[in-house]
Protein chains: 2
Amino acid sequence: MLGLAGMGSENQAAIPCGNGCESSACTHCTQRALVAKQHLFTHGDEQRYIYYVHAGCLRLYKTLGNGRRQVIGFSFAGDFIGFGIGPEFPYNAQSIGRSEVRCLPRGTFHRLALEIPRFAFRLYEATTLELAAAHDLALTIGQRNSAAAVASFLLWLSRRNERRGVEPTTISLPMPRTDIADYLGLTGETVSRTFTRLKVGGLIRVTRKRLVQLTDLPALLELAEGMAGEHAGYRHSDGPRRTPH
Amino acid sequence: MLGLAGMGSENQAAIPCGNGCESSACTHCTQRALVAKQHLFTHGDEQRYIYYVHAGCLRLYKTLGNGRRQVIGFSFAGDFIGFGIGPEFPYNAQSIGRSEVRCLPRGTFHRLALEIPRFAFRLYEATTLELAAAHDLALTIGQRNSAAAVASFLLWLSRRNERRGVEPTTISLPMPRTDIADYLGLTGETVSRTFTRLKVGGLIRVTRKRLVQLTDLPALLELAEGMAGEHAGYRHSDGPRRTPH
DNA sequence: CGACAAGTTGATACCGTTCAACCTGCGTGG
DNA sequence: CCACGCAGGTTGAACGGTATCAACTTGTCG
């Protein structure tokens, strides 16, 4: 019903729009193609549409007055962007490479929500999943060290693959290192260094810079929880420490 | 209508329950009194109720395998706790001091949502506000240094006061320093040091440890945005630096 | 009052940042 | 087709903000 079937991502709300976006909400939708680094919208823009990513990948981010940037999420094909009720977008959405989005007029979207309870309930559900993802992000940024943060990032993408029936140990990273860094509250250099340490530790294998193979999932899981045991491949530097961070 | 009037907090969804919780959702609600440090629920508990904080203050937090804790929010009187659709709570809710909550059976809550579109839409709105707060938290933890983080925390409480018609320059902190620390991704010691630096800088005045007066809002706003100008009271240590953090 | 939790302050260590140099890969245009 | 250019990525050295550990002070509640 409604063409809003299930959820896909835990990061961006994902309500697959059926085969080709033929849901009732999509009746009057327009398309938009974006080139690399082009913004779909920026912080403060009037919220006119809710977007559905048909192809490509976007980064969602907020900035501070001094220019520092926090990536708050990535939107992949099949994800929705722009749930929210304020008059303006509270963050920026920018295409990473080339991408294609469908624009659903906010008005009809919300009218449907008020007419059809199940529809509104689905919006509630979807937002709830995004909220859980945002809480996980806070946990990662605030409490995980660089290794744990990168590990949990990779595992997140792995679980995402799994949910979509894709091989969960081979991961493609559409985004540059700096995006991963600004997502995890680190710098590009630190992310790069962490990748190589995971690599020499035998936990991952990197090919073509945007392709990663997870070769030791149990170790990655332990790392992500901050339980960097002595047994497995990865050891932080030299000598054990009390409480790393 | 419905007894669900407006929003109160940007942190926890706040739909004031009217005067005394006489909304239709509250028809069969039960009460629960909590003492200091008592948990309302913990991570993994079955989600049976949605809670309404009638008095007191709770901390919501998640933990890592190694024991590190991330506070993801504070729930004050008038806030709701426990929106979400999964079978289990994805975080812990613990009373800070003494508090009192009303328990709304999740089933009737969701049944109402499916029967009454406006109700479901309100849930969607409320969750959306929580999501924005979670994104702000990620920005704070990931990109603000300790001074900026504490400043934005105080300003958040100030705005909260303002919205409730309370004096926005006098702030009470029901939570201990360690909670603020785990909320901002810092340690209690760092929070304490930051408070005293703000104090000697003349930006705040601290009385009785849980009461703060904001004596220089413009400077706090600049600090929170990372634009620690040379003019105002607060200067980080000695000598200017390129990009602090 | 007395005990214990919470908060402050100090000394030191270190993880991640910063700055810088270099490498790599890919798209563009001569 | 190769040369060039440049963004993205890696690696190194040094600095510094924050964590850690520890001692002490303050506040609070029974």
Side-chain angles (χ1 to χ4, degrees), chain A residues 35-37 59 66-69 96-98 140-150 173-182 184-200 206-212 223 226 228 235-245, chain B residues 35-37 59 66-69 96-98 140-150 173-182 184-200 206-212 223 226 228 235-245:
Chain A
V35 299
K37 294 179 188 172
R59 66 182 138 246
N66 61 358
R68 298 188 68 100
R69 183 183 75 145
I96 290 177
R98 264 189 265 274
T140 292
I141 303 174
Q143 306 301 332
R144 288 194 236 251
N145 60 21
S146 61
V150 170
L173 306 168
M175 71 293 287
R177 297 284 188 270
T178 52
D179 278 342
I180 302 175
D182 286 347
L184 301 176
L186 302 169
T187 61
E189 293 93 325
T190 297
V191 170
S192 181
R193 273 185 259 268
T194 306
F195 269 103
T196 65
R197 277 192 285 162
L198 291 175
K199 205 165 49 182
V200 303
V206 181
T207 49
R208 296 219 314 283
K209 296 201 163 157
R210 298 278 176 104
L211 264 184
V212 180
L223 239 197
R235 189 90 58 81
H236 178 59
S237 51
D238 37 20
R241 210 164 291 101
R242 212 73 56 95
T243 40
H245 183 200
Chain B
V35 300
K37 295 180 189 172
R59 65 182 140 246
N66 61 358
R68 299 188 66 99
R69 183 183 74 146
I96 290 176
R98 264 188 265 273
T140 292
I141 302 174
Q143 306 301 332
R144 289 194 236 250
N145 59 22
S146 60
V150 170
L173 306 168
M175 71 291 287
R177 297 284 188 268
T178 53
D179 279 342
I180 302 175
D182 287 345
L184 301 175
L186 303 169
T187 60
E189 294 93 325
T190 296
V191 170
S192 180
R193 273 185 259 268
T194 305
F195 268 103
T196 66
R197 278 192 286 162
L198 291 174
K199 205 164 50 182
V200 303
V206 181
T207 51
R208 297 217 315 283
K209 300 214 158 140
R210 298 280 175 102
L211 263 184
V212 180
L223 239 198
R235 186 89 60 79
H236 177 61
S237 49
D238 38 20
R241 210 164 290 102
R242 214 74 56 94
T243 38
H245 183 203

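Below, chains carry the letters A, B, ... as their sequence lines are ordered, and counting in each starts from 1. A quick note: this is a predicted structure, and the numbers were derived from the prediction, not measured.
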Contact letters for nucleotides 21-29 of chain C, in which S counts primed atoms plus P, OP1 and OP2 and B counts the base, heavy atoms under 4.0 Å
---------
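- Looking at A/R177, its side chain does come within 3.5 Å of a backbone N or O of A/K209 through a donor-acceptor pair.
- Donor-acceptor pairing under 3.5 Å, judged by distance alone, is present between the side chain of B/R193 and the base of C/dG10.
- In this structure, CG in B/D182 is found 10.0 Å from CD1 in B/I141, a value given to the nearest 0.5 Å.
- The CD1 atom of A/I141 sits 15 Å away from the C1' atom of C/dG16 (whole-angstrom rounding).
- Of the candidates D/dG8, D/dG30, C/dT9, the closest approach to any side-chain atom of A/P176 belongs to D/dG8.
- Checked against side-chain contact (heavy atoms from CB on, under 4.5 Å), A/T190 has the following partners two or more places apart in sequence or in another chain: A/S146, A/L186, A/T187, A/T194.
- Put simply, CG on A/N145 is 11 Å from P on D/dT20, counting in whole angstrom units.
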Give the intermediate values and the outcome of side-chain contact (heavy atoms from CB on, under 4.5 Å) for residues B/D179 and B/R69.
CA-CA 9 Å; B/D179 279 342; B/R69 183 183 74 146; 2.7 Å; yes
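- Atom pair B/L211:CG and C/dG7:P shows a separation of 13 Å (rounding to whole Å applied).
- Dashed line: the shortest gap from a side-chain N or O of A/T190 to OP1 or OP2 of C/dT17 is under 4.0 Å.
- Atom CZ of A/R59 sits about 5.0 Å away from atom CD1 of A/I96, to the nearest 0.5 Å.
- Rounded to whole Å, atom P of D/dT26 lies 12 Å from atom NZ of B/K199.
- Between B/R177 and the phosphate of C/dT8, there is a side-chain N or O to OP1/OP2 separation shorter than 4.0 Å.
- Here the closest heavy-atom approach between residue A/A181 and residue A/G188 is recorded as CB-N, 3.4 Å.
- For C/dG16, neither phosphate oxygen OP1 nor OP2 lies less than 4.0 angstrom from any side-chain nitrogen or oxygen of A/T187.
- The C1' atoms of five pairs define one axis at each end of the helix from C/dC1-D/dG30 to C/dG30-D/dC1, and these two axes lie 50° apart (to 10°).
- The two residues A/Q143 and B/G185 make their nearest non-hydrogen contact at NE2-CA, 4.2 Å.
- At D/dG8, one or more side-chain N or O atoms of A/K37 fall inside 4.0 Å of OP1 or OP2 (strictly under the cut-off).
- A/R144 has its side chain out of reach of A/L223: every pair of non-hydrogen atoms, C-beta onward, lies at least 4.5 Å apart.
- One finds a side-chain N or O of B/R210 lying less than 4.0 angstrom from the OP1 or OP2 phosphate oxygen of C/dG7.
- Rounded to whole Å, atom C1' of D/dA19 lies 8 Å from atom CZ of B/R68.
- Considering only side-chain N and O atoms, A/T178 lies nowhere under 4.0 angstrom from the phosphate OP1 or OP2 of D/dG8.
- The CG atom of A/N66 sits 10 Å away from the P atom of C/dT18 (whole-angstrom rounding).
- When all heavy atoms of A/I180 and A/M175 are compared, the closest pair comes out as CG1-CG, 3.7 Å.
- Within 6.0 Å of CZ on A/R210 lie more than 12 heavy atoms contributed by other residues, nucleotides or ligands.
- Here the P atom of nucleotide C/dT8 and the CZ atom of B/F195 are 8 Å apart, to the nearest Å.
- Separating the CD atom of B/E189 from the P atom of C/dG7 is a distance of 11 Å, rounded to the nearest angstrom.
- For A/S146 and C/dG16, the shortest distance from a side-chain N or O to OP1 or OP2 is below 4.0 Å.
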